[in-house]
A.B. asks: 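My structure is below; once you've seen it, I'll send some questions.
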There are 2 protein chains.
Amino acid sequence: MADPLSRVFSALADPTRRDIVARLAVGDATVNELAAPYDVTVQAVSKHLKVLEDAGLVSRSREAQRRPVHLEAEVFDLMTKWIERYRRQAEERYRRLDDVLRSMPDAGPQPAKATQP
Amino acid sequence: MADPLSRVFSALADPTRRDIVARLAVGDATVNELAAPYDVTVQAVSKHLKVLEDAGLVSRSREAQRRPVHLEAEVFDLMTKWIERYRRQAEERYRRLDDVLRSMPDAGPQPAKATQP
DNA sequence: GGCGTGGTCAACCACTTGGTTGAAGAAGGT
DNA sequence: ACCTTCTTCAACCAAGTGGTTGACCACGCC
């Protein structure tokens, strides 16, 4: 899965990973700290962090033997831009449809099916 | 994967599915129409639509033997709300960090490591 | 040097996923 | 009633995913 957008969406499709992001929004943390609340192994959390890192959502910097994890919030823009683009487009289409309906004479040929029996 | 947010993120983690959403933003379409541009079978596209439907991103209404697919843009809000929440939080934290740095005397103890050899 | 701590790498397992082919439903046209 | 068209269901397959356990690496501390 090469494209960045897919990686970001995919990374956030997991509840544990979203929770990790939520906690990193408060402040940086180490892998062990992050792993504590969940009842999975530290290795599993490390894997989750790798996914988040590959998506560009997170960065790890070396500091003694600790590897504090830091949230990189800029990548969110990638998603919001994509989402907003199509939401706006869909809304505009909706608005245009409303215009068309408003400019209609009154009622076209209503098939009997259209009314619930 | 029960929770709605995971389903939406997961649904949009696939480029084909995102492309389908993009095309549906322009206007409703049938499964065959949607499948045409891709070199996969119609069944595969039907599966993709099922994923999008389960995520609440899309709805199908019966119209003769056609099943026109319609984009439901409201679900986007679920994501944008989640994203904005943590992005804002992270940005605020950043701002606070700036304040702290600005209010600092001058320079703390700079370890030799910090300068690139 | 040796040891404990924090973190990752590797191999494995069950389950999901995106794709295929083939058959079957559902609705219209004739 | 029959055929055609649009769509979905079912079974299968290769590849990916989230999890495990066990070994390993990189530090700082005695």
Side-chain angles (χ1 to χ4, degrees), chain A residues 1-21 23-24 28-55 57-70 111-114 117, chain B residues 1-21 23-24 28-55 57-70 109 111-114:
Chain A
M1 196 199 329
D3 69 297
L5 208 39
S6 295
R7 278 200 294 261
V8 181
F9 275 120
S10 184
L12 293 178
D14 184 282
T16 304
R17 243 130 51 193
R18 277 201 309 280
D19 195 57
I20 290 177
V21 168
R23 291 169 56 209
L24 285 175
D28 296 4
T30 70
V31 177
N32 267 308
E33 287 165 1
L34 288 171
Y38 317 117
D39 59 348
V40 299
T41 59
V42 184
Q43 288 95 318
V45 174
S46 187
K47 274 195 185 180
H48 280 307
L49 287 172
K50 180 148 181 31
V51 174
L52 289 171
E53 190 176 26
D54 288 349
L57 279 162
V58 133
S59 66
R60 278 117 129 198
S61 57
R62 169 135 264 149
E63 168 193 297
Q65 71 270 59
R66 310 236 151 83
R67 311 280 321 266
V69 182
H70 177 76
K113 283 179 180 177
Chain B
M1 196 196 331
D3 70 298
L5 209 38
S6 294
R7 277 200 296 263
V8 180
F9 276 120
S10 183
L12 293 179
D14 184 283
T16 305
R17 243 130 51 192
R18 278 202 308 280
D19 195 57
I20 290 177
V21 167
R23 289 168 58 209
L24 286 174
D28 296 3
T30 70
V31 177
N32 265 310
E33 287 165 1
L34 288 171
Y38 317 116
D39 59 347
V40 299
T41 60
V42 184
Q43 288 96 316
V45 173
S46 187
K47 275 195 185 181
H48 279 309
L49 288 172
K50 180 148 183 28
V51 174
L52 289 170
E53 191 176 25
D54 288 349
L57 280 161
V58 133
S59 66
R60 280 117 130 196
S61 57
R62 169 133 264 147
E63 169 193 296
Q65 70 271 60
R66 311 233 152 85
R67 312 280 321 266
V69 183
H70 176 77
K113 283 179 179 176

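Just so it is clear, the structure is predicted and the values come from calculations on it, not from any experiment.
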A.B. asks: With sequence neighbours excluded, what pairs up with R18(B) under the side chain to side chain donor-acceptor pair (under 3.5 Å) test?
C.D. replies: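 With neighbours one apart ignored, the set is D3(A), S6(A).
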A.B. asks: Extract from the structure each pairing of a protein N or O with an N or O of nucleotides 6-8 of chain D at less than 3.5 Å, listing the distance.
C.D. replies:
from	atom 1	to	atom 2	distance (Å)
dT7(D)	OP1	R67(B)	N	3.2
dT7(D)	OP2	N32(B)	N	2.9
dT7(D)	OP2	N32(B)	ND2	3.0
dT8(D)	OP1	R60(B)	NE	3.3
dT8(D)	OP1	R60(B)	NH2	3.0
dT8(D)	OP2	S46(B)	OG	2.8

A.B. asks: Answer yes or no: is there a donor N or O on one side and an acceptor on the other, between the side chain of R7(B) and the main chain of A2(B), under 3.5 Å?
C.D. replies: yes
A.B. asks: How would you list, by chain and number, every residue that makes a salt bridge (Lys or Arg N to Asp or Glu O under 4.0 Å) with D14(A), sequence neighbours excluded?
C.D. replies: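 Per chain and number, D14(A) pairs via salt bridge (Lys or Arg N to Asp or Glu O under 4.0 Å) with no residue.
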A.B. asks: Give the table of side-chain donor-acceptor pairs shorter than 3.5 Å for residues 31-46 of chain B, with sequence neighbours excluded, one pair per line with atom names and distance.
C.D. replies:
from	atom 1	to	atom 2	distance (Å)
E33(B)	OE1	T30(B)	N	3.0
Y38(B)	OH	D19(B)	OD2	2.6
Y38(B)	OH	R23(B)	NH1	3.0
T41(B)	OG1	A44(B)	N	3.3

A.B. asks: Determine which pairs satisfy salt bridge (charged side-chain N to carboxylate O under 4.0 Å, His left out) with at least one residue from residues 42-52 of chain A, sequence neighbours left out, and list them in order.
C.D. replies: K50(A)-D54(A)
A.B. asks: Rounded off to whole Å, could you give me the CG-to-C1' distance for the L52(A) and dT17(D) pair?
C.D. replies: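 Interatomic distance, CG of L52(A) to C1' of dT17(D): 14 Å.
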A.B. asks: NE2 of H48(A) versus P of dT8(C): gap in Å, rounded?
C.D. replies: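 Going from NE2 in H48(A) over to P in dT8(C) covers 14 Å.
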A.B. asks: What's the CG-P distance between D14(B) and dT17(D), to the nearest Å?
C.D. replies: 12 Å
A.B. asks: Rounded to the nearest angstrom, tell me the gap between atom CG in D54(A) and atom P in dG18(D).
C.D. replies: 12 Å
A.B. asks: When the distance from NZ of K47(B) to C1' of dA11(D) is rounded to whole Å, what number comes out?
C.D. replies: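 It works out to 10 Å between those atoms.
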A.B. asks: Among all residues two or more places apart in sequence or in another chain, which pass the side-chain contact (heavy atoms from CB on, under 4.5 Å) test with V21(B)?
C.D. replies: W82(A), L12(B), L52(B), L71(B), F76(B)
A.B. asks: For K50(A) and dT8(C), what is the distance between atoms NZ and C1' respectively, to the nearest whole Å?
C.D. replies: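 In whole Å, dT8(C) C1' lies 10 Å from K50(A) NZ.
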